[in-house]
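Start at 1 and go down the list; that is how both ligands and their atoms are numbered.
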Amino acid sequence: MSSGGHYVGLIDRYRARLPVTDETRIVSLSEGNTPLIELQNLSNDVARECQIYVKFEGLNPTGSFKDRGMTMAVTQALSEGAEAIICASTGNTSASAAAYAARAGMRSFVLIPDGKIALGKLAQAMIQGAVVMQIQGNFDDGMRIVKEMAHAAPVTIVNSINPYRLQGQKTAAFEIVDALGRAPDYHCIPVGNAGNISAYWTGFSEYAGVKPATAACAYCDTDCVFDFAPECDSRPVMLGYQAAGSAPFIAGSMVDDPETVATAIRIGRPQSWDLAWAASRESGGWFDSFTDAEILATQKFLASSEGLFCEPASAISVAGALADIASGKIPAGSIVTCTLTGHGLKDPDTAISQSAGGVIKVAAESDAVKRAILENL
Ligand SMILES: *Cc1c(COP(=O)(O)O)cnc(C)c1O
């Protein structure tokens, strides 16, 4: 597949830095190439001294960054002759897996938690033809079972423990550097299973020509992407944010009953534990946590003040950036990028429930509508 100038997806765009050959049949939905949008309406003076950009990953084909990893993982699975893929998911991985499996003509099996899955994500997995198994447990239970299935059934795991997932996801870091013409000073990101923070660190490191001490690599030694000339001369400090009720990186150990409104990061046993710690330590970064109330307030701020509707888990990256700028941990004048991991339409229930009084009942008459306008100007 050749682009001829027309954007056809991130594997095509970053082909030289990804584990594909000219013969590989690429499974793509033209994912990636998402906008980097500067926040303009911050009320806090300190925040205004920084440049804060969001990478709006909700604009990927299935509405989350998972598509970046899935194009690579399903492309690889197909090239290995796999007939079926499987994942455990809080929702977005299953939506993405179902879509790319459909595209590739493969079967997909997804294990979702009992309740606590956003409606849009479930709808996607179902209509895209996945075999949806709702288990009586949480994401961590699903993950444990999926790992056992790798040996018990002919299925390829497409969770982020699959190194090809992280290879695809590292391209978001490339796009940020390409858009800014340099690396940001700080990168802020929600952390659940911790694959994405690890993938970004791999991407930022690769573009700076530095091999991370612990790399999430899908290459053999003879085909090392770190032999490329660097595209930029620095790497950002990596800041990972978790929901307070689901914060193993803050606790310093696994959490048994994770709970948060931000269902995409409701994970107590992150699979990329070591990679994420390496990213944090090597970059001089830190982890922090925020309450559900803080997460929802930031989601609402982004939607109502910037016109950016992301899902609750995504908003935590901006909550973290603003808090760390206010406290001075991120100094004034910094260039800060935040990943908005998924689209707000994924979870309409949460959006509606925190917009109480958002719909006014009005008689079907001009006078009544005029009165309502004047009362609400
Ligand atoms: C998957 C996901 C996350 C968490 O990413 P990890 O790689 O699991 O840390 C955050 N936000 C959204 C919307 C997601 O779908």
| Lys/Arg N to Asp/Glu carboxylate O, R182 vs D233, below 4.0 Å |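 Between D233 and R182 there is no salt bridge, as every charged N stays at least 4.0 Å from the carboxylate O atoms.
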
| field | Connected hydrophobic set around I161, excluding itself, where side chains approach under 4.5 Å | value |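 Members besides I161, by chain and number: I86, F109, L111, V131, M133, I135, F139, M143, I145, V146, M149, V155, I157, I267.
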
| message | Connecting only ILVMFWY residues whose side-chain heavy atoms lie within less than 4.5 Å of each other, what is the rest of V359's hydrophobic cluster? | response |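 V359 clusters with nothing; isolated.
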
| What pairs meet the salt bridge (charged side-chain N to carboxylate O under 4.0 Å, His left out) rule with one or both residues in residues 56-81, with sequence neighbours excluded? |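 Every pair satisfying salt bridge (charged side-chain N to carboxylate O under 4.0 Å, His left out) with a residue in residues 56-81: E57-R68, R68-E175.
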
Report each N/O pair between ligand 1 and the protein that falls under 3.5 Å, naming both atoms.
{"residue": "ligand 1", "atom": "7 (O)", "partner": "G195", "partner atom": "N", "Å": "3.2"}
{"residue": "ligand 1", "atom": "7 (O)", "partner": "N196", "partner atom": "N", "Å": "2.8"}
{"residue": "ligand 1", "atom": "8 (O)", "partner": "N193", "partner atom": "N", "Å": "2.8"}
{"residue": "ligand 1", "atom": "9 (O)", "partner": "G192", "partner atom": "N", "Å": "2.8"}
{"residue": "ligand 1", "atom": "9 (O)", "partner": "N193", "partner atom": "N", "Å": "3.3"}
{"residue": "ligand 1", "atom": "9 (O)", "partner": "A194", "partner atom": "N", "Å": "2.8"}
{"residue": "ligand 1", "atom": "11 (N)", "partner": "T341", "partner atom": "OG1", "Å": "2.7"}
{"residue": "ligand 1", "atom": "15 (O)", "partner": "K66", "partner atom": "NZ", "Å": "2.6"}
{"residue": "ligand 1", "atom": "15 (O)", "partner": "N92", "partner atom": "ND2", "Å": "2.7"}

| task | Following the transitive rule for hydrophobic clusters with a side-chain heavy-atom cut-off under 4.5 Å over Ile, Leu, Val, Met, Phe, Trp and Tyr, establish whether W286 and L322 coincide in one cluster. | result |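 The answer is yes; both residues are in one hydrophobic cluster.
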
| field | E206 and its side chain to side chain donor-acceptor pair (under 3.5 Å) partner, picked from K211, R235, Q167, K170 | value |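 Going through the options one by one, the only one that passes is K170.
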
